[in-house]
Amino acid sequence: MFTSSFRVVRFALQNFWRDIWLSTVTIIIFVLAITLVGILSGVKVVTDQAIGVLKSKVDVIVTFKPKTPEQTVLDLKSKLEALPETASVTYVSAEENLALFKKLHADDKAITEGTNALTSNPFGPSLRVQATSLEQYTNISKLFEDEAYAPFIDSGGKTLESNQTAIQKLSDFTRTVNKFSLVLTLVFSLIAILVVVNTMRIAMYSHREEIGIMKLVGASNWFVRGPFLIESVFIGVLAATLASGILIGGIMLLSRWFNALFQGYDVNMTAYFLNNFMSIFWVPLVGALLLSMVSAAIAVGRYLKV
Amino acid sequence: MITFDNVTKLYQKDIIGVKDISLTISAGEFVSIVGQSGSGKTTMAKLIIAEERVTKGRMVIGDWDITHIKHGDVPMLRRQIGVVFQDFKLLPRKTVFENVAFALEVSGATNTQIKSVVPQVLKIVGLESKQDRFPHQLSGGEQQRVVIARSLVHRPKILVADEPTGNLDSINAQDIIDLLKRINSFGTTVVLVTHNREVVNTLRKRVITLDHGQVIADQKSGKYIL
């Protein structure tokens with residue numbers, strides 16, 4: 001058994017080396033297929049991160065009329081926080097709103113002089129509300145229509161309506177982008193699988209006479225199939241390693257661009273890819289191995305009936 | 001040694017390969033099976049190595065009834081029979097040595113046995129100096145001698161040669177026939193499938209003549225009669 005296994009591995013190495021051109025072409029096709037799927041997966045990750053950033057920037061600011069009792073605002077805040085749809089609620093006092101306004105218009109002399117001349121604060125307090133998802137803003141906004149709060153909210157309804165249209169558009173856009181990138185990845189994965197399976201079939205087809213001869217000389221199915229399976233393992237491992245190298249190299253090269261793209265946000269694409277290095281390496285490796293072995297086994301099987 | 005007992009082989013229900021063949025080939029015999037193209041010569045060779053299965057009748061090799069041989073037992077049968085083909089059937093990615101050694105490797109021979117036996121067999125066929133060459137680096141006659149070496153190396157009791165001279169010139173053909181005669185003189189049963197009149201007539205051995213899948217003559221020391 002040991003001698004036979006050793007011979008099977010030796011034959012595989014011999015075949016791989018003596019048919020180096022066919023082996024090289026097969027590896028190149030595998031690398032292209034894996035890299036293509038890897039790139040599309042990477043694009044999907046970047047798209048998901050970008051959409052996440054975009055979503056995190058969406059919020060609704062409920063502005064209260066000046067002199068609204070603080071207790072009313074805090075009461076609404078507590079009710080909002082109790083909703084499962086709410087991610088966070090930030091209370092901004094009337095004074096803070098005035099200070100923020102002054103800061104924003106510090107370069108505008110007329111506005112600065114005007115605000116300095118004020119004897120009372122024209123701003124009321126506000127609440128900055130973030131939902132757990134874009135779809136939840138409609139549910140949250142129902143609370144603003146409550147009789148206890150609606151009279152104190154300053155043109156809240158109108159702002160919310162226009163916000164809701166923008167939120168709906170953004171929600172539709174992100175859903176479409178997600179679907180598109182998923183379909184694209186699946187379609188190209190399918191193409192990659194077909195390319196790999198066909199490449200293996202062609203490689204085995206070119207050895208069909210050899211397989212028949214081995215059988216006529218008295219080789220068992222295992223003895224014939226073994227070298228081809230081991231050879232397909234070499235091809236799979238080499239291709240996956242090369243493809244992972246290309247993908248990781250690409251990530252390194254593009255890391256500066258990624259980081260510039262998400263500057264100021266809590267996203268570090270380089271760190272993300274490096275933290276997921278194992279899945280970037282193992283997924284294509286295991287995928288390529290399984291695919292090449294299964295397709296080789298099936299392809300060889302067709303020529304074993306001698 | 002080889003028994004065809006009322007053997008019929010049909011392809012696709014109504015195409016006759018061989019029909020109602022009953023004959024016995026004894027151990028150590030040299031038998032030529034002759035006939036025109038499509039007469040069933042190659043079918044007989046294929047039945048002996050279980051490349052084709054009997055449709056009707058019974059086939060026995062030695063003490064082994066191979067009429068309904070299991071797929072998994074076929075390699076075992078083939079390891080006991082040497083086969084020489086018209087189109088050589090050498091493994092293109094293996095050297096002369098490796099091609100011959102392969103027949104031993106499939107049967108689980110040790111590396112020491114292989115290193116000892118293969119050079120001896122290559123010497124018998126006169127190719128000891130070309131053991132590191134690949135098949136495409138050899139002439140047709142040399143390739144056929146490698147095939148004979150491969151078919152001999154595991155010391156089979158039966159050697160089936162299907163048109164072994166079909167792709168060779170007359171000088172190389174005679175060399176191959178001389179080699180087969182020599183192998184037969186060591187006690188190996190040789191079944192030669194051929195349509196080469198000259199070869200058959202000079203052998204003066206048993207000749208079985210086929211026509212349309214049936215035996216029309218079986219001569220002890222015969223000639224090509226068609």
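Residue numbers start from 1 in every chain, and the chains themselves are labelled A, B, ... in the order their sequence lines are given, proteins ahead of strands. What you see is a predicted model, and the numbers here were worked out from it, not measured in a lab.
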Rounded to the nearest 0.5 Å, how far apart are [atom1] of [X] and [atom2] of [Y]?
X	Y	atom1	atom2	answer
A:Q14	B:L91	CD	CG	10.5 Å
B:I49	A:K215	CD1	NZ	11.5 Å
A:L216	B:K89	CG	NZ	6.5 Å

For [X], is it the side chain, the backbone, both or neither that has a heavy atom under 4.5 Å from a heavy atom of chain A?
X	value
B:A109	backbone
B:H71	side chain
B:T110	backbone
B:K46	neither
B:I81	neither

Task: Lys/Arg-Asp/Glu bridge criterion (N-O < 4.0 Å) met for B:E98, A:R10 - done: no

If every non-hydrogen atom of [X] is compared with every non-hydrogen atom of [Y], which pair is closest and at what distance?
X	Y	answer
B:K94	A:R18	CA-NH1, 3.6 Å
A:I213	B:R150	CG2-NH1, 3.6 Å
A:G218	B:P75	O-CB, 3.3 Å

